[in-house]
Amino acid sequence: MTQQINCERDFMMAAVHIVEVGPRDGLQNIRTSIPTPVKLGLIAKLRDAGLKSIELTSVVSPKAIPQLQDCQQIMSSPMVQEWLQKESQLRLPVLVPNTRGLQVALDHGVREVAVFVSATESFSKANINCSVDEGLRRASAIASAAKSQGLAVRGYVSCIFADPYSGATPPEVVYNVVSRLIEMGCYQISLGDTLGVGAPAQVTKLLDYLFSRGVEPSILAGHFHDTYGQALANIWEAYRRGIRTFDSSVGGLGGCPFAPGAKGNVATEDVVYLFQQAGIETGVDLKRLAEVGSWISHHLNQANGSRAGSALIAKAARSEKQTMPQQRMNWSEIFTSVHILVHKSGANGKITLNQPAKGNVLSLALISDFKQAFRKLEADATINRIIITANGKYFCTGMNLGQSFGKAAKENFDALLELFEMIDTSGKVTIACINGPAFGGGIGLAFACDIRISLRSVTFTLSEVKLGLCPAIISKYVLREFGVPRTREAMLSARAVSASELHSYGIIRTVAETSADLDLCLDNLLKELRHSSPGGSKMSKELVRIGWSDPNTTMQQQEIARLFREMTQPDSESAIGIAEFQKKRAVDWDLNASIAKSKL
Ligand SMILES: CC(C)(COP(=O)([O-])OP(=O)([O-])OC[C@H]1O[C@@H](n2cnc3c(N)ncnc32)[C@H](O)[C@@H]1OP(=O)([O-])[O-])[C@@H](O)C(=O)NCCC(=O)NCCSC(=O)C[C@@](C)(O)CC(=O)[O-]
């Protein structure tokens, strides 16, 4: 046993090691299917937050756990494959119920597997339809095959305190399973309070019993569910008795199918907070982790199960609000039609779609008014930015479906094509301020812009496939911003993609909780952009555009050379920007009238 522990010494470098089980144990109880990219996004974010052990998935039958039917896609994803090959410090265990599952894991280059056995007969029968002894035999077969291939094996014991059918679990039966898992070569045994019924007094009693029978604390881990709100207290008690590894799930994801209404695993954020407050290192960045918990909770449309995570997110939102400008911007109306409103505030022009009764559908008349207003703002040398927003419940419901065929379709095509191109090729900085759901062409409108801010409640639906259509014209903007696999999945599923998801990918810069907050975010952004020169912004946009459309071509090289030449001309904006820099002053480009006349 001692030798086993020595082999794993690097694993115990942090004072407390956390095994994140959210992507497997947490998600497996959720009924609605979660897209694979979301699961991979979760895994990537957990790793970025500093978690060094993330349980990826479980190789189970799709009939038993439909949610994990994409286990092979998870394991074979390029990201996971790269980590498996290159990141030796990162542990990515995969749960396997039998040797067939082990083979699948081996085929994907997995370096660590987990086996599970119930401490009690009734749960074993209900969960995996066999006795505890048979469960141990299966685990032993997996462990010996895995070890012969050089894999590390972790063992789970479930129902350490109680079984949903037979009541309290005697410590002797837990010892029986723990000692057998140690014998078969598991480097660590995770003690699972599957029902979440245990309290610190029971933790003390069980651990003392196990230690009295010679089990070393360093080979044990705690896996506590929070049904009765005791998980953190149990962890603290276990820590005080020498346990240094704990399983947990970001956002408290999970649940117990045998305890209706039961909470899930203890939340990773809460565990990290507990130890951080005690000055005990976990190696996890709590702020980033709280953002991951908030992100996945929004994705799953469920309350954040982490108390510490929710508190940190609320605190961050409060401090963001406090840093917002106190003085609101004044917008004066410069043009109105039945379809749109146009306002101006300093160097900012704003076009508001104003057909709320029609969901701000992109009718030919609205497009025509929009283009006219946009052209005027584009030609106005005093305008540096153009904001697109909307009135009413919807930001924009896309192409006018009443004009989908024949001559009307051709007119629609021409009008839409020109509309999106005009925004995309604008020399001004374009900002979509998205205050309601967007469909089809509405997403095109937002994605053709340079920067997006949004209400958190907003959804983005590429609904075209449901209508027998495809997002033809807008596809290039969606692909550019959202990337190929995510665009394909969103187009094919026609699902409502949340603003939170887009925010997590950086496609939306800021999400606001209320309309008032969104207005403040816009003010804040516009204030910040006053320090970006109009010419420098225009050139930057050109660089991004050509880098996207013609990367590594002679054309790109020529464009880079041309822009470099232009930006270093003595009469260019840079003459002012650099002179002010040398005087240690930041330029407010909106105030500098001469800059508007720049030839750039
Ligand atoms: C948005 C909800 C959920 C609101 O659902 P709701 O809140 O129940 O309201 P509603 O459905 O009563 O809508 C209010 C009014 O807006 C109209 N409306 C609303 N949307 C459109 C539309 N697109 N075309 C024509 N009319 C539309 C709708 O017909 C109705 O008019 P009313 O009956 O009162 O006269 C519902 O109306 C809806 O599902 N609309 C369709 C949204 C959609 O699927 N948009 C995608 C359009 S296809 C597209 O954009 C193609 C494109 C541009 O991508 C192609 C390319 O890129 O090449």
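Worth knowing before you read on, the calculation uses all heavy atoms, side chains too, and leaves out hydrogens, waters and symmetry mates. Start at 1 and go down the list; that is how both ligands and their atoms are numbered.
- Ser310 meets the side-chain contact (heavy atoms from CB on, under 4.5 Å) test with Asn304; sequence neighbours excluded.
- Partners of Glu20 under the side chain to side chain donor-acceptor pair (under 3.5 Å) rule, at least two apart in sequence or in another chain, are Thr268.
- In this structure, Arg509 pairs ionically with Glu528, as a charged nitrogen and a carboxylate oxygen lie closer than 4.0 Å.
- Here His299 pairs with Trp295 under the ring pair (Phe, Tyr, Trp, His ring centres under 6.0 Å) rule; sequence neighbours left out.
- At a heavy-atom cutoff of 4.0 Å, ligand 1 is surrounded by Ala357, Lys358, Val361, Lys393, Tyr394, Thr397, Gly398, Met399, Asn400, Leu401, Phe439, Gly440, Gly441, Ser463, Glu464, Leu467, Leu469, Cys470, Pro471, Ala472, Ile473, Ile474.
- With respect to Asp590 and Arg385, a salt bridge is recorded, a charged nitrogen being found less than 4.0 Å from a carboxylate O.
- No side-chain heavy atom of Leu529 sits under 4.5 Å from any side-chain heavy atom of Asn384.
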